[in-house]
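Notes follow once the structure below has been shown.
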Amino acid sequence: MAHRNTDIIPTIEGLAYGGDYNPEQWPREVWDEDVRLMREAGVNLVSVNIFAWAGINPGPGEWDFTRLDAIMDLLAAGGVKADLATSTASPPPWFSQAHPETLPVNPEGIRLNSGARAEYCPHAPVFQAAVVDMATRLAERYADHPALAMWHVGNEYYRSCTCDHAADAFRAWLQDRYGDLDGLNAAWGTTFWSQTYSDWTQVLPPRICAETPNPGLVLDFRRFSSDALLALFRSEAAAIEQHSPDKPITTNAMVTGNFSGLDYHRWGEHMTGPNRLVATDHYLLPDDPIGWPEQAAFGADASRGLAAGDPWLLMEQSSNSSAWRRGYFAKKPGDLLRHSLSYVARGSEGAMFFQWRASRYGAERYHSAMVPHGGTDSKVFREVKQFGAWLKDLAEIKGSTVDSRAAILLDFISCWAANTPGQPSADMDTYPELRRWHAALWRRGVTTDLANPEWDLSGYEYVFAPHLYLLDDDANLRAYVENGGTLVVGPYSGIVDANDRVHPGLPGALGGLMGVRVEEFVPIPNGDKASLENGWEGETWSEVTHATDAETVVSFKDYPETGAVFRRRLGRGEVWYLATRLADLDPFLAELGIASDLPEGLELVRRSHEHGPSYTFAINHGKDPAPVPATGRNLLTGAAWTEEDTLEPGGCAVIRRE
Ligand code: GLA
Ligand code: GLA
């Protein structure tokens, strides 16, 4: 993959380290201690002003930058750079009171109240003007400040709204997409249930209605909502660029768990390239079928996907428990080091946390921090310092990129479409399935990208499409296979077109490529399994599928005339089709020839400079000492590493090949 920008934060020497810093929550004497501790921990970048609108702009027409000036000056004097936020993620109560139409309306038609954060309608013209004004004032004032390293626009965009402003904006977006009402009616199939529109004013956002809404409408509203937030981000970015043309601009995307609410690949196009960078927030979930090391790896690989393979920055993670989970949890000793290193191994140009110092008050008063409530004489702060020291030792990896040989296909629109109401199975959820495949590949030591199905896939040995429900046509995947790739397609893929209309003839867009015909769907109830003749089991989904131009590799036990696993050789490559969700992916991956000779729990990833050294990152999450197949120098200790060396349980090494 061609890299567009490998120097994403030029003013930071080496790798970035720090977190969200909210000095407005603390008296001035604490600030001095903060900077002293930041230096002790090796912190060189903090995100400031994320939730400080009320301080800068305490009332209509009132502006006061005294405190932010003092914070920026303090950081500059302390040698810490600022990721300066525009503070637009949380309009203060006075703003909502003065402009009630900027408060968001939920699908039930209830206007939300102020009192938490993110209480804005992205489509309200007053709000849109206010955020551009804010970004402009900040950029004018701080463009040349010595502390400024980069700009942080908004925070974790996700809000959607169904108010009248939203309805107007939705109609305009649809007019742009479909031209006229005939186009819209055809795209959504509005002859169904007499939904044909005869005037644009009849088109509404998906507000609560009597029965199942039109899936084409639901899908387009999600596209529109993602685009509207992207436009909001871009409006602030454009304002900043006018006054501060030479500093990178970002916002923090969310890659935690199954979050897939925005079309981040489309966002990625506006977050990569000159003076842009992809930054993401990733939190480990305690109540998830996938373990923490695999979760961290997925979050990192998904982030690299938003950056289309360029380096990116982990903007937020937690040192311990997060505040928004049911139940407090603590990380085990060393977890902070192992997880943070995994993100760096997978392309992050450093490691940032939410947050520097734990808040005494507010909704997140029990959210962990680099400086915990328990103080600096603590496991957390000792590990924070340790990791800061490691990042200094790793400075030379800055700008290197990650080597991967496999990709899992992720299309956010397809994820949404698979979740529209009225599906044959409510359990064919895409994102958890992609994470399950990713974890299985992780266990076999395969570094896997999360790639969009439209991208150039030619560099990958394996491409997995575990669930690609929505796909217009097979052109890109066919070219990949014909040119020598191995494509694996999971069930219920290629079923609908871009408007969630079922392709004629099952399984739709990929039937010709895979050489199979699906006669009917046979979803498997939760808890049940389908047996395959070779002992494998399927769950959630099965089908009556016949080979038309493919080899039936494995059939269902009870229905031997019905194939479960198919293979077709085509051109220089091959395509596999799975007509069920395999309960255990390991035997299939072994069948594909993906060896598993790694010791259990050993994570191995390689980063390389285009014209320079490469680095093997080794993290031992297992219980036994593990041999690491690399020779060179371990940058974390400075000592030589040979093939005879083993990594102790819980240990980490970064070996530069010499
Ligand atoms: C009812 C309705 C039909 C159709 C079926 C589907 O019978 O009258 O229009 O929705 O349910 O089961
Ligand atoms: C998100 C937000 C932060 C904070 C953390 C807590 O990442 O961006 O402001 O709320 O979650 O986990």
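Both counts, for ligands and for their atoms, begin at 1 and track the order of listing.
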Quiz item: Any N/O of S322 closer than 3.5 Å to an N/O of ligand 2?
Solution: no
Exercise. Tell me which protein heavy atom sits closest to atom 6 (C) of ligand 2, plus the residue, atom name and distance to 0.1 Å.
Key: H367 NE2, 3.1 Å
Practice problem: Would you kindly say whether S226 and D263 are connected by a side-chain donor-acceptor distance under 3.5 Å? | Solution: no
Practice problem: Enter the distance from T250:OG1 to W151:CH2 here, rounded to the nearest 0.5 Å. | Solution: 13.5 Å
Quiz prompt | For ligand 2, the portion of Q355 having any non-hydrogen atom under 4.0 Å away | solution = neither
Quiz item: If you count the atoms of ligand 2 from 1 in the order shown, which ones are under 4.0 Å from a heavy atom of N155?
Solution: 2 (C), 8 (O), 9 (O)
Quiz item: T280 and S303: side-chain donor and acceptor closer than 3.5 Å?
Solution: yes
Practice problem: Using distance alone, with no hydrogens and no angle criterion, decide if Y197 and N185 have a side-chain donor and acceptor under 3.5 Å apart. | Solution: no
Quiz item: Quick one: does D20 get an N or O within less than 3.5 Å of an N or O on ligand 2?
Solution: no
Practice problem: Between I50 and ligand 2, find which residue part has any heavy-atom pair under 4.0 Å and reply side chain, backbone, both or neither. | Solution: neither
Quiz item: Out of I249, L45, L84, which residue meets the side chain to side chain contact (heavy atoms under 4.5 Å, CB included) rule with M150?
Solution: L45
Quiz item: Which atoms of ligand 2 are found less than 4.0 Å from any heavy atom of F51?
Solution: 9 (O)
Quiz item: Side chains of E119 and N113: do they bring a donor and an acceptor to under 3.5 Å?
Solution: no
Quiz item: How close does the nearest protein non-hydrogen atom get to atom 10 (O) of ligand 1, and which residue and atom is it?
Solution: W193 CZ2, 4.3 Å
Self-check item: Side-chain donor-acceptor contact under 3.5 Å, E236 with T86
Solution: yes
Quiz prompt | Side chain, backbone, both or neither: R117 near ligand 2, heavy atoms under 4.0 Å | solution = side chain
Quiz item: Which atoms from ligand 2 have a heavy atom of E156 less than 4.0 Å away?
Solution: 1 (C), 2 (C), 7 (O), 8 (O)
Exercise. Around atom 12 (O) of ligand 2, find the nearest protein heavy atom and jot down its residue, atom name and distance.
Key: W324 NE1, 2.5 Å
Self-check item: Contact with ligand 2 for M254, non-hydrogen, under 4.0 angstrom
Solution: no
Quiz item: How long is the gap from CG on D335 to NZ on K379, to the nearest 0.5 Å?
Solution: 7.5 Å
Quiz item: How long is the gap from CD1 on I50 to CG on N22, to the nearest 0.5 Å?
Solution: 7.0 Å
Quiz prompt | Distance from atom 3 (C) of ligand 2 to nearest protein heavy atom, with residue and atom | solution = E316 OE1, 3.4 Å
